[in-house]
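As C-alpha cells, the structure follows; a few thoughts come after it.
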Amino acid sequence: MSRAQVQGVVVARARVAEGIHRLTLKCPEVASSMRAGQFVNVRVRDDGWDPLLRRPFSVSRVDGDRIDLVFNVVGVGTKAMSSYEPGRSVDLLGPLGKPFAVDADFETALLVGGGLGVAPLPALTDELRRRGKSAITFLGARSRSQLYREHLFELHVATDDGSEGHHGTVVDLLSVYLGEHTVPSPMIFACGPTPMLRALGAFAKERSIPCELSLEGEMACGIGLCQGCPVERVGGAKRYALVCTEGPTFRAGEVIV
Amino acid sequence: MSRAQVQGVVVARARVAEGIHRLTLKCPEVASSMRAGQFVNVRVRDDGWDPLLRRPFSVSRVDGDRIDLVFNVVGVGTKAMSSYEPGRSVDLLGPLGKPFAVDADFETALLVGGGLGVAPLPALTDELRRRGKSAITFLGARSRSQLYREHLFELHVATDDGSEGHHGTVVDLLSVYLGEHTVPSPMIFACGPTPMLRALGAFAKERSIPCELSLEGEMACGIGLCQGCPVERVGGAKRYALVCTEGPTFRAGEVIV
Amino acid sequence: MVTTSFCLRGVEFANRVFAASGTFGYGDEVLDLADPSRLGGIMTKSLSWKPRDGNAPRRVVETASGMLNSIGLANIGVHAFIETKLPTLRTLRTRIVANIAASSVDEYAQVLTLLDSQEGVDAFEINVSCPNVKEGGLNFGTNVDRTREITRRLRPLTQRPLIVKLTPNVTHISEFARAVEAEGADAVSLINTLVGMAVDIRTGRPKLSTVTGGLSGPAIKPVALAKVYEVAKAVKIPIFGIGGIMSAEDAVEFLMVGASAVEIGTLNYIDPAAGGRIAEGIAAFAAEKGLSDVGQLVGSLKADLSASILQSWL
Amino acid sequence: MVTTSFCLRGVEFANRVFAASGTFGYGDEVLDLADPSRLGGIMTKSLSWKPRDGNAPRRVVETASGMLNSIGLANIGVHAFIETKLPTLRTLRTRIVANIAASSVDEYAQVLTLLDSQEGVDAFEINVSCPNVKEGGLNFGTNVDRTREITRRLRPLTQRPLIVKLTPNVTHISEFARAVEAEGADAVSLINTLVGMAVDIRTGRPKLSTVTGGLSGPAIKPVALAKVYEVAKAVKIPIFGIGGIMSAEDAVEFLMVGASAVEIGTLNYIDPAAGGRIAEGIAAFAAEKGLSDVGQLVGSLKADLSASILQSWL
Ligand SMILES: Cc1cc2nc3c(=O)[nH]c(=O)nc-3n(C[C@H](O)[C@H](O)[C@H](O)COP(=O)(O)OP(=O)(O)OC[C@H]3O[C@@H](n4cnc5c(N)ncnc54)[C@H](O)[C@@H]3O)c2cc1C
Ligand SMILES: Cc1cc2nc3c(=O)[nH]c(=O)nc-3n(C[C@H](O)[C@H](O)[C@H](O)COP(=O)(O)OP(=O)(O)OC[C@H]3O[C@@H](n4cnc5c(N)ncnc54)[C@H](O)[C@@H]3O)c2cc1C
Ligand SMILES: Cc1cc2nc3c(=O)[nH]c(=O)nc-3n(C[C@H](O)[C@H](O)[C@H](O)COP(=O)(O)O)c2cc1C
Ligand SMILES: Cc1cc2nc3c(=O)[nH]c(=O)nc-3n(C[C@H](O)[C@H](O)[C@H](O)COP(=O)(O)O)c2cc1C
Ligand code: FES
Ligand code: FES
C-alpha cells in the first residue's frame with residue numbers, strides 16, 4: 001500500500017447503466033499497488049476553488065495499468081466527471097484506505113452491493129479468484145435499469161420495484177439464498193447505503209457470519225489529516241475510528257454504522 | 001438596444017492567432033439587436049461559484065443570427081471559454097453598453113485597435129460600410145503572430161517587434177499615415193490597452209480629430225447595478241461615469257483614461 | 001396555494017424575497033431584465049443627504065466565490081432620488097424600502113424625515129455601516145451605543161417599518177440586535193459585507209483604492225447563516241437574512257435558521273432575474289413539504305441549541 | 001540565492017511556510033506524500049492535557065470555496081503525543097511547533113510545561129479559540145482579558161518562542177494582538193476559522209452536529225488578509241498569516257500586508273505537498289523581484305493607510 005499523488009489519464013468514459021458512469025483511467029501507480037476496497041481521492045477540477053475538496057471513489061477494477069471508477073451523478077463533482085474526455089489528466093491521491101480482508105479465514109465470499117455499492121466488487125471478485133476463493137454476488141438496485149453487473153460472477157439480483165430478480169432488498173435476497181443453500185465457511189463483504197449496511201450487520205451477527213462493511217462518509221482529506229470522517233467504535237479505548245485510514249472497510253460489530 | 005439574458009449556443013471555436021480564440025455563438029436575440037461597440041457579459045461556467053462574476057466581451061462581428069467573440073486566454077474564465085465545445089449553451093447578458101457613434105458627423109473612420117482591442121472592429125467596419133462610410137484600420141500587436149485581421153479593410157499594421165508592418169506603436173503608425181495622406185473629415189474609433197488609448201486621446205486632441213475610445217475596466221455586473229466600473233469625467237456635475245452603461249465608448253476628452 | 005406574503009408593522013409584502021441594497025441600483029435600472037413585481041420589495045442603493053461621488057477606482061475585485069467592493073456609497077443623494085427615481089418606483093408593483101446611509105446621526109434623521117414625507121416609500125432600512133465623522137470616521141455599526149443612538153433617534157420620526165441593517169464585523173452581533181430591538185426597530189437585516197482585502201502582488205499595492213473593502217457572495221454564506229442564527233436566538237423581531245444567497249435552497253436555509261425574509265445581493269449582478277425565481281422556488285419547497293405558508297419555514301430548524309459551537313470547541 | 005530562513009527568539013526556521021494546526025495531523029501522517037523538510041515548520045494538531053474524542057459526526061461540510069469543520073479538537077492528548085509522535089517528529093528535518101488547546105488557564109500551563117521539558121518541540125502556538133469551562137464555555141479568544149491572562153501565565157513558563165493564535169471572530173483583532181504583545185508573546189498567528197454554519201434543508205437540521213463550525217479555505221482569504229493588515233499596523237511582533245492560502249501568490253499577498261510567515265491550512269487536504277511548493281514559489285518570486293531575502297517582502301505593501309475602509313465608507 002503505497003499512497004501517492006499521481007496523474008491519471010482518461011482512457012474511456014461510458015454510461016454503463018441508467019445514471020451510472022464508468023471512467024477508465026490509465027494510472028500505473030495506483031493500478032500496480034491498489035487492493036480491493038481501497039479508494040482514490042479525485043480532484044474533480046483544476047480551475048477555480050468551487051468545489052473545493054477532492055471526491056472519494058472506490059477503485060472498481062484494475063486491468064493492467066488501468067483502473068475503473070464507477071459512479072452516479074449526484075452533484076457538481078460527479079457531474080464534471082461525467083463529461084471528462086479521453087486524454088484529460090486527472091489528479092488522484094491513492095490508493096487510500098484499508099482493503100477488504102481477502103486473506104481472512106473463509107472459503108466462500110458473499111459479496112453484497114447496494115446501489116453504487118457495487119463499485120468495489122469487481123476488484124474484490126478478481127482478488128478472490130486469484131486466491132482460489134469462491135465468490136457469490138448479491139446486488140440490490142432500485143430497478144433493473146440501474147444495475148451495473150460487469151465483471152461479477154454467480155450473480156443474484158434484487159430490485160426494489162421487482163423489475164428483475166428478487167422483489168425486495170438485497171439483504172432479504174441473501175437471507176433467502178442462505179436458507180436454500182449451504183455455503184461452506186462464508187464471509188460477507190458489503191458496500192452500499194447505510195441502512196443496508198446496518199441491516200446486513202444485524203443479519204450477519206444473528207447468523208454468526210463474519211462480515212466486513214465498506215462505509216462511506218463525508219471526507220475533507222481522505223488521508224488522515226483532518227479528523228473529519230469519524231465512525232463510532234464499539235468499545236475500545238478510542239471512541240471514534242477514521243473512515244479514511246482505519247476504514248473504509250470495518251468488521252461489522254467493530255463500529256456503529 | 002434591447003438587453004436580455006439569453007442562451008447562446010456554441011457553433012464554432014477556432015484559434016485565430018497566437019493565443020487568440022474566436023467563439024461563434026448562435027444567438028439571434030443579440031445578433032439582431034446589437035450594434036458595434038456593445039458587449040455581452042458571459043457566464044463562463046454554470047457549475048460552482050468560482051469564478052463568480054460574468055466576463056465581458058465585445059461582440060466582434062455579427063453574421064446572420066451568429067455572433068463572434070474574440071479573446072485571449074488571460075485567466076480562469078477565458079481558459080474555460082477556450083475549450084467550449086460546439087453545442088454547448090452559454091448564458092449571456094447583452095447587448096450591453098453604448099455603441100460606437102457611427103452616425104456622428106464624419107466621412108472617414110480611422111479604426112485603431114491595440115492587441116485584443118481589435119475585437120469590436122469587424123462589427124464596426126460592417127456598420128460603417130452599410131452606411132457608406134469609409135474605414136481605414138490600424139492594428140497594433142506585439143508580434144505578427146498575434147494579429148487577428150479578419151473582416152477588416154484597408155489594413156495597416158504596427159508590431160512592437162517589427163515582425164510585420166510599422167516597427168513601433170499603432171499611434172505612431174497612425175501619425176505617420178496622417179502625415180502622408182489627406183483624410184477627409186476623419187474620426188478615430190479606438191479600442192485597446194489603456195496606455196494606447198491615453199496616447200491616442202492626446203494625439204487626437206493635438207490634431208483636433210474627433211475620437212471615440214472604447215474602455216475596459218473591472219465590472220461586477222455590466223448592467224449598471226453595482227457602481228463598480230467608474231471612469232473619471234472631465235468636468236460636469238458628476239465626477240464619475242459608469243463604463244458599463246455610459247460607455248464603454250466615450251469621446252476622448254470626456255473622461256480621464 | 002402556499003401563502004407567500006407577510007406583514008411588517010402593517011405593511012404587507014407579497015413575498016419574502018428582496019433585492020439587497022446596492023445590488024439592484026435604485027430599482028429602475030434593470031426593468032428590462034427583471035420583473036420587480038416578483039419580489040417582496042427592493043432595498044434601494046443607500047441614500048445620503050447630498051450626492052456622493054463614491055470612491056476612486058478600483059472598486060470591485062473578484063475573490064474565490066466572492067467579491068470585494070469599495071463603492072463608497074456612491075449615490076445621487078436623497079433629493080435627486082425623490083425627483084428622478086421615486087416617480088418610476090411608485091409605478092412598480094413591488095414595495096420600495098429606502099436604505100439610508102449617513103455620516104452623522106443628524107444626517108440619518110434628515111434623510112429619513114424627508115423620505116417619510118414622500119409617497120411610494122414603504123419602509124426604511126438603516127445602513128449603520130457608515131463612518132461617524134464626529135468620531136474620526138469610526139464605523140457606527142461596530143459600536144453598540146452608536147447603533148442604539150441611531151435607532152432611538154429615528155424610531156419616533158416614522159410610522160413606517162424601520163429595519164436596522166447590522167454589520168457582521170463585530171464579536172457578538174446579537175448585542176446589536178438586542179439594542180435596536182429595545183429601541184423599537186421593527187426588524188433587523190444582516191449581514192452587510194465582511195471586511196476584506198486583496199493585493200496585486202505585481203504592483204505591491206492593494207487592489208482596491210481604499211485598501212480594504214466589503215466581501216460578499218457565496219463565500220460568506222456560512223458566516224451569514226451563523227450570524228442570523230445567533231440573532232434569531234436573541235431577539236423576537238423579524239430578521240432579513242442576507243449573505244451569499246444564490247438559490248431557493250440557500251434562501252430556505254436562512255428561513256430555517258430564523259430569518260423571516262431574505263435579501264438577494266451579489267447574485268443580482270450575475271442573474272438580475274434570480275430574485276423572482278428564488279421566491280417561486282421557496283414557495284415550491286414549502287408546497288412540497290405540505291406547508292400552507294412559507295412563514296412556517298421560519299425558525300423551523302431542528303437543532304440542539306446547546307451544542308452550538310459558540311459554546312463548544314472548534 | 002535568496003535567503004528564505006528567519007529567526008524567532010533565536011530559533012531559526014528554514015523558510016516562512018508552515019503547516020497550520022489541525023490540517024497536517026501531528027506531522028507524521030503524510031510522510032509518504034509530503035516532505036516536511038521543505039517547510040519552515042509544522043504546527044501540530046491542538047494538544048490538550050487529556051485525549052479528546054472530538055465532536056460527534058458530521059464534522060465537515062463543503063461550502064463555496066470553503067469548508068466548515070467541527071472536529072472538536074479531537075486529539076490523543078499531550079502524553080500520547082510525547083510517547084508516540086514526538087520520537088518520529090524529532091527525526092524530521094523541520095521545526096515542530098506544538099499547538100496547545102485547553103479549557104482552563106491551568107490546563108494551558110500544564111500542557112505547555114510538560115512539552116517544554118521535552119526535546120524536539122521548537123516553539124509553541126497557543127490556540128485561544130477554546131471554551132473556558134469557568135465561564136460556562138465562553139470562548140477565551142473572543143475576550144481580550146482572558147487572552148491576555150493566558151499569555152501572561154504562559155510567558156514565564158518557557159524560553160521557547162510563544163506564538164498566540166488569534167480568532168477573527170472579534171470586532172478589533174488588533175486589540176488582542178496588542179494585549180498579547182504587551183505580555184511578551186513572540187508572535188501572533190491569525191486567522192483561526194470564522195464561525196459559520198450550513199443547513200440540510202431536506203432534514204431541517206444543521207449539517208454539523210454542533211450547529212456551527214469553523215469556516216476555512218479560499219473563501220476566507222480576503223478576510224484573513226484584512227485582519228493581518230489590521231494587526232500589522234498595530235504591533236511590532238511578527239505575524240504568522242493564515243487563511244485560504246492556495247498558492248505562492250496568495251502567500252506573497254500575506255507577506256506584503258505584513259505577515260512574517262504563513263501557515264497553509266485547508267490546502268493540505270487537497271494537496272498535502274503544496275506547502276513545500278509554495279515555499280519555493282515565494283523564493284522564486286522574491287528572486288524575480290531582485291530581492292536577496294524573502295523577508296524584504298514582509299510589509300512591503302505600498303498603501304495609503306488612511307484610505308483603509310476601516311475609516312471610510314463601504
Ligand atoms: C470511501 C468512499 C468511496 C466511495 N466510492 C464511490 C463509488 O465508487 N462510486 C460512487 O458513485 N460514489 C462513491 N462514493 C461517494 C462519492 O464520493 C460521492 O458521491 C461524491 O463525493 C459526490 O460528489 P459530488 O460533487 O457529485 O456531490 P456533492 O455536490 O458533493 O454532494 C451531493 C450529495 O451527495 C452527498 N455526498 C457528498 N459527498 C459524499 C460522500 N463522500 N459520501 C456520501 N454522500 C456524499 C452530499 O451530502 C449531497 O447530498 C464514495 C465515498 C467514499 C467516502
Ligand atoms: C467592455 C469590455 C469588453 C471587453 N472585450 C474583450 C474582448 O473582446 N476580448 C478580450 O479578450 N477581452 C475583452 N475584455 C477583457 C475581458 O473581459 C477579460 O480579459 C476577461 O474578463 C478576463 O477573464 P479571465 O477569467 O480569463 O481572467 P481573470 O482571471 O479574471 O483575470 C486575469 C487578469 O485579467 C485582468 N482582468 C480581469 N477582468 C478584466 C477586465 N474586465 N478588464 C481588464 N482586465 C481584466 C485581471 O485583473 C487579471 O490580471 C473586455 C472587457 C470589457 C470591460
Ligand atoms: C457592490 C455592492 C454595493 C453595496 N452597497 C450597499 C449599500 O449601498 N448599502 C447597504 O446597506 N449595503 C450595500 N451592500 C451590501 C449588500 O446589500 C449585502 O448586504 C451584501 O452584499 C451581502 O449579501 P450578498 O452576499 O448576497 O451580496 C453592497 C454590496 C455590494 C456587493
Ligand atoms: C479541519 C480543521 C481542523 C482544525 N483544527 C485546528 C486545531 O486543532 N487548532 C488550531 O489552532 N487550528 C485549527 N484549525 C484552523 C487552521 O489551523 C487555520 O487557522 C484555518 O483553517 C484557516 O486557514 P486555511 O483557510 O488555510 O485552512 C483547523 C482547521 C480545519 C479546517
Ligand atoms: S477524511 Fe480527513 S481524516 Fe479522514
Ligand atoms: S459593472 Fe456594475 S455598474 Fe458597471
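- Here Q227(B) contributes atom CD and L73(C) contributes atom CG; the two are 10.5 Å apart, rounded to the nearest 0.5 Å.
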Candidate pair R43(B) and I270(C), rule side chain to side chain contact (heavy atoms under 4.5 Å, CB included), full reasoning: CA-CA 8 Å; R43(B) 181 132 170 221; I270(C) 300 158; 3.7 Å; yes
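- Neither the backbone nor the side chain of N75(C) comes within contact range of chain B; no heavy atom of the residue lies under 4.5 Å from a heavy atom of that chain.
- Put simply, the side chain of R3(B) reaches to within 4.5 Å of the side chain of V30(C), judged on heavy atoms.
- From W49(B), atom CH2 reaches atom NZ of K221(C) across 11.0 Å, with rounding to the nearest 0.5 Å.
- For the pair Y240(B) and A56(C), the tightest heavy-atom approach, listed with the atom from each and the gap, is OH-CA, 3.2 Å.
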Working for side chain to side chain contact (heavy atoms under 4.5 Å, CB included), residues L33(C) and L93(B): CA-CA 9 Å; L33(C) 296 171; L93(B) 276 173; 4.1 Å; yes
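- For the atom pair CE (M67(C)) and CG (L53(B)), the distance works out to 6.0 Å, reported to the nearest 0.5 Å.
- Taking CD from E218(B) and CG from N69(C), the interatomic distance works out to 13.5 Å, rounded to the nearest 0.5 Å.
- By the 6.0 Å contact criterion, CZ on R142(B) is open, its count of non-hydrogen atoms from other residues, nucleotides or ligands being 12 or less.
- Contact of T266(C) with chain B is made through the side chain alone, with heavy-atom distances under 4.5 Å.
- Salt-bridge annotation for E62(C) and R54(B): absent, with no side-chain N of the basic residue lying under 4.0 Å from a carboxylate O of the acidic one.
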Candidate pair D50(B) and S65(C), rule side chain to side chain contact (heavy atoms under 4.5 Å, CB included), full reasoning: CA-CA 5 Å; D50(B) 183 32; S65(C) 295; 3.7 Å; yes
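- In this structure, NZ on K45(C) lies 9.0 Å from SG on C226(B), to the nearest 0.5 angstrom.
- Note that CE of M246(C) and CG of L52(B) are 5.0 Å apart. Values are rounded to the nearest 0.5 Å.
- Heavy-atom distances place the side chain of R55(B), and not its backbone, under 4.5 Å from chain C.
- Heavy atoms of other residues, nucleotides or ligands lying less than 6.0 angstrom from CZ of R15(B) number more than 12.
- Using a 4.5 Å cut-off between heavy atoms, A34(C) makes no contact with chain B at all.
- When the candidates A220(B), A4(B), G224(B), G48(B) are compared by the number of heavy-atom contacts under 4.5 Å with chain C, A220(B) comes out ahead.
- Taking both residues in full, the closest heavy atoms of R59(C) and G228(B) are given as CB-O, 3.8 Å, listed atom of the first, atom of the second, then distance.
- Taking each heavy atom of F24(C) and L225(B) in turn, the nearest pair found is C-CD2, 3.4 Å.
- Heavy-atom neighbours of K85(C) NZ from other residues, nucleotides or ligands within 6.0 Å: above the threshold of 12.
- By number of non-hydrogen pairs under 4.5 angstrom with chain B, the leading residue of G54(C), A273(C), P272(C), A219(C) is P272(C).
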